[in-house]
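Sequence lines set the chain letters: A, B, ... in the order given, protein chains first and strands last, and positions in each chain run from 1. Bear in mind that the values here come from a model prediction, so they are computed numbers and not experimental data. Quick note: numbers below take in every heavy atom, side chains included, and nothing from hydrogens, waters or symmetry partners.
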Amino acid sequence: MSPERTLKYGTADSRSAPFQVSMVRRLGMVGVMSNEKVLKDLQNAILKYDSTAAVNAAKAAISAKMDPLVAIEKGLVPSIEQIGEKFERMEIYLPELMLAADAMKSALVLLLPLIPKGAKGAKATIVIGTVQGDVHEIGKNIVSSMMMANGFNVVDLGVDVKTINFIDEAKKNGAKIIGASALMSSTIGSQKDIVDYLGASGDRRKFAVLVGGGPTTKEWAKEIGADGCGMDAIEAVKLAQKFSKGR
Amino acid sequence: MVQILDVMDKALNGKPMSETDYQLRLFAPKVQEKVKEYKIKYDPNNPIPSDNSLADDLFEAGMELLVDVGAYCTSSGRIISYTESEIKAALKNAPSKLHFGEGRDRKSLVHRNVEDKIPPWCLLGAGGGACSSDRSFLTLVEGYAEIPETNAITTPAITRVSGMRVRPASPLEILAAMRNAVLAREACNRVGRQGIPIMNSLATAESDIAFAAALHPKFGMRQSDGYMICCMDPMKVDFARLNKATVALSLGGAIGMCFGPLIGGYSGGPEGTAVSNVAHHMMGILTYQSSWLLPFPLHLRYVASSPRDMVWLVAASSQAINRNTHLLSINLNYTTAGPCTPMCLFETSATVTAAVVSGHSIECLGVATNKHEDRTTPVEPRISAEVGHAVAGMKRSEANELVKGLLAKYESKLSAPPLGKGLYECWDPDTRRPTKEYRGVIKRYKSVMADLGVQLKPEM
């Protein structure tokens, strides 16, 4: 963040030009240092899997009138990316990945509402869940956390999610992408139901539908008319990036 | 003795906790605490450890884990706690021998010790892998039933009913589960093994309603079959699963809880997952009222049980159970590679060896991560069973060298394994034999096994 931008939030009075210049320099420097600390706190909160610290750091960012996009992109995202990479290398495991994602989510709850709609840098929203009749959550949790690690706004609907709920929540949250996970060969039929329902209700073009989970394959995704199948979390993220602006 | 009503009482009155808090803030750190406290250490140089103190420490750590965290009921949002004395009583009262099957196919599943000469119970088939049609289902199950070592069948899962894709907890799933029962019995009848038990009853029934519906006697399921109920990782249960347990108990059926802790999942690395695997055994006999167990630990990255740390986990946790209890436990293994590849056969050989010399019996197997329809044949379970019989009685140190030799054959290819061929590309349903190409693969594989010191049956 530039000192000028910091100052814009940091000063409220109107003074003479020379005084303003001096204040710009002085407050600007103070602002940068303060912001650096806030960013560091945001980063550390994620790296330490600490939701409380993440909330405190997000509050500090708001108090400091920091641009929320900067707080997210320079504070939260680099750390959650590091976490994602460590998980891929299996240097950390699912609990750490999920706790870091939880910490990120706690901070985002405070920061995201402050970003003007359509602001440059705002990430796409994805609604994700395990399909109706299926209560397996591990694969979905990994993808959900990795999506978050890659800057997506993730709305996690949990497990055993009814077809209509995927669609209602996608509409309600302005999502571009629906992610549907299924672990059982007896439950992947529900992934088809999401695609079919969108088609029948004239909403198919509004959402990219990505599928994943134990028995899902690229052939299956093609057969049911889904937009892609993530064979693992990394591929799921790549697909989501491809469809982040819509189908 | 903890019985199903006690489980319900605990599920309704246990400590309230969110699911996230249970798995992330209670279970996961407690597992790591036990690993640290007992100094459990994975040794990549010895994928089959011979260290009895490691096995005993794992057992103690697993029991303490269950005492500390209990099981979790997602329906009530409460912890199902057990005292150490309840766990010990359950272990003492658990059967060390069970009969399955009818007539001349009626056999006994018995407890095996570490390095036991008793051959493993061979539960052979697809481990619930998806098949595309009734024809494929029958072809596979007939093939499994004809394997001489088969003690029981683990069927594939049916995915379609009259051309319609199954939907969970719908009439389609109920009809598919009924069809699963009818066709499994029909396939065994066709090859003259009418009495053979089905022990993953019922692979197609994910929901409790489909499970209960398909147990009507007219569909052919018997009290002497095995009733598999899958646990949600980590150590979780819901009312639907308890419904299944209650129905199976009411029929006098023997429940086998299947559970798959993941390396890389809630239990962390190989050490934590080994502790979790042990704890799940004890949790299964209590919460799911299991009289036999069906562990299938998997590797999160490879979705298989053949990587080196997985082989260690299977060996170490099996030794922990079999040195310290008389439980009946059957390890299910998955390969990354598919049919008609030597890699698939080397992978299953490694995991089977680890399980069998460590005292477990075997369920074989999920081929090519059990992901693809019709990508499995009767060959892979047959070879697995031959290996299981061949290594029974082998010393762990000898098995360790064998497994190291096997790992050298496939370890570097785990990230990009060959998927091999589909069922009809390498299995002839009319002659009920593998194709000439696959027979060649098997012969070459058996020659390598002989070089590694394991003489398998000559291949016709």
Pair A:D232-B:R301, side-chain contact (heavy atoms from CB on, under 4.5 Å): steps then yes or no: CA-CA 9 Å; A:D232 55 33; B:R301 177 180 291 164; over 6 Å; no
Determine the minimum heavy-atom distance between [X] and [Y], stating which atoms define it.
X      : Y      : value
A:P95  : B:G265 : CD-O, 3.2 Å
B:R165 : A:G189 : CG-CA, 3.6 Å
A:S186 : B:T204 : CB-O, 4.0 Å
B:R25  : A:L99  : NH2-CD2, 3.6 Å

Given heavy-atom pairs under 4.5 angstrom as the criterion, report whether the side chain, backbone, both or neither of [X] touches chain A.
X      : result
B:R375 : neither
B:I263 : both
B:S170 : neither

Close side-chain approach of [X] to [Y], heavy-atom, < 4.5 Å:
X      : Y      : answer
B:T273 : A:Y93  : no
A:I138 : B:D233 : yes
B:T20  : A:D102 : yes
A:I142 : B:L300 : yes
B:L24  : A:E96  : no

State whether the side chain of B:K371 and the backbone N or O of A:G213 hold a donor-acceptor pair below 3.5 Å, judged by distance alone.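 Flag set: sc B:K371 to bb A:G213 pair under 3.5 Å.
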What part of [X] lies closer than 4.5 angstrom to a heavy atom of chain B: side chain, backbone, both or neither?
X      : result
A:I92  : neither
A:L97  : neither
A:E137 : side chain
A:M90  : both

Heavy-atom count check: over 12 atoms from other residues, nucleotides or ligands less than 6.0 Å from [X] [atom1]?
X      : atom1 : answer
B:M164 : CE    : no
B:F219 : CZ    : yes
A:K218 : NZ    : yes
A:R89  : CZ    : yes

Got a second to check how far A:H136's NE2 is from B:C230's SG, nearest 0.5 Å? 6.5 Å
Distance (rounded to the nearest 0.5 Å) between A:M98 CE and B:Q23 CD: 5.5 Å
Just so I understand: if I count every heavy-atom pair under 4.5 Å between each of A:A182, A:S185, A:G139 and chain B, which residue has the most?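 Among the listed options, the one with the most contacts to chain B is A:S185.
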Could you go through the side-chain contact (heavy atoms from CB on, under 4.5 Å) check for A:K192 and B:R167 one step at a time? CA-CA 10 Å; A:K192 180 177 186 299; B:R167 297 297 195 282; 4.1 Å; yes
Using side-chain contact (heavy atoms from CB on, under 4.5 Å), reason through B:H372 and A:W220 one step at a time and then give a plain yes or no. CA-CA 10 Å; B:H372 308 273; A:W220 167 246; over 6 Å; no
Let's test your reading of the structure: which of B:A169, B:G272, B:G268, B:G129 forms the most heavy-atom pairs below 4.5 Å with chain A? B:G268
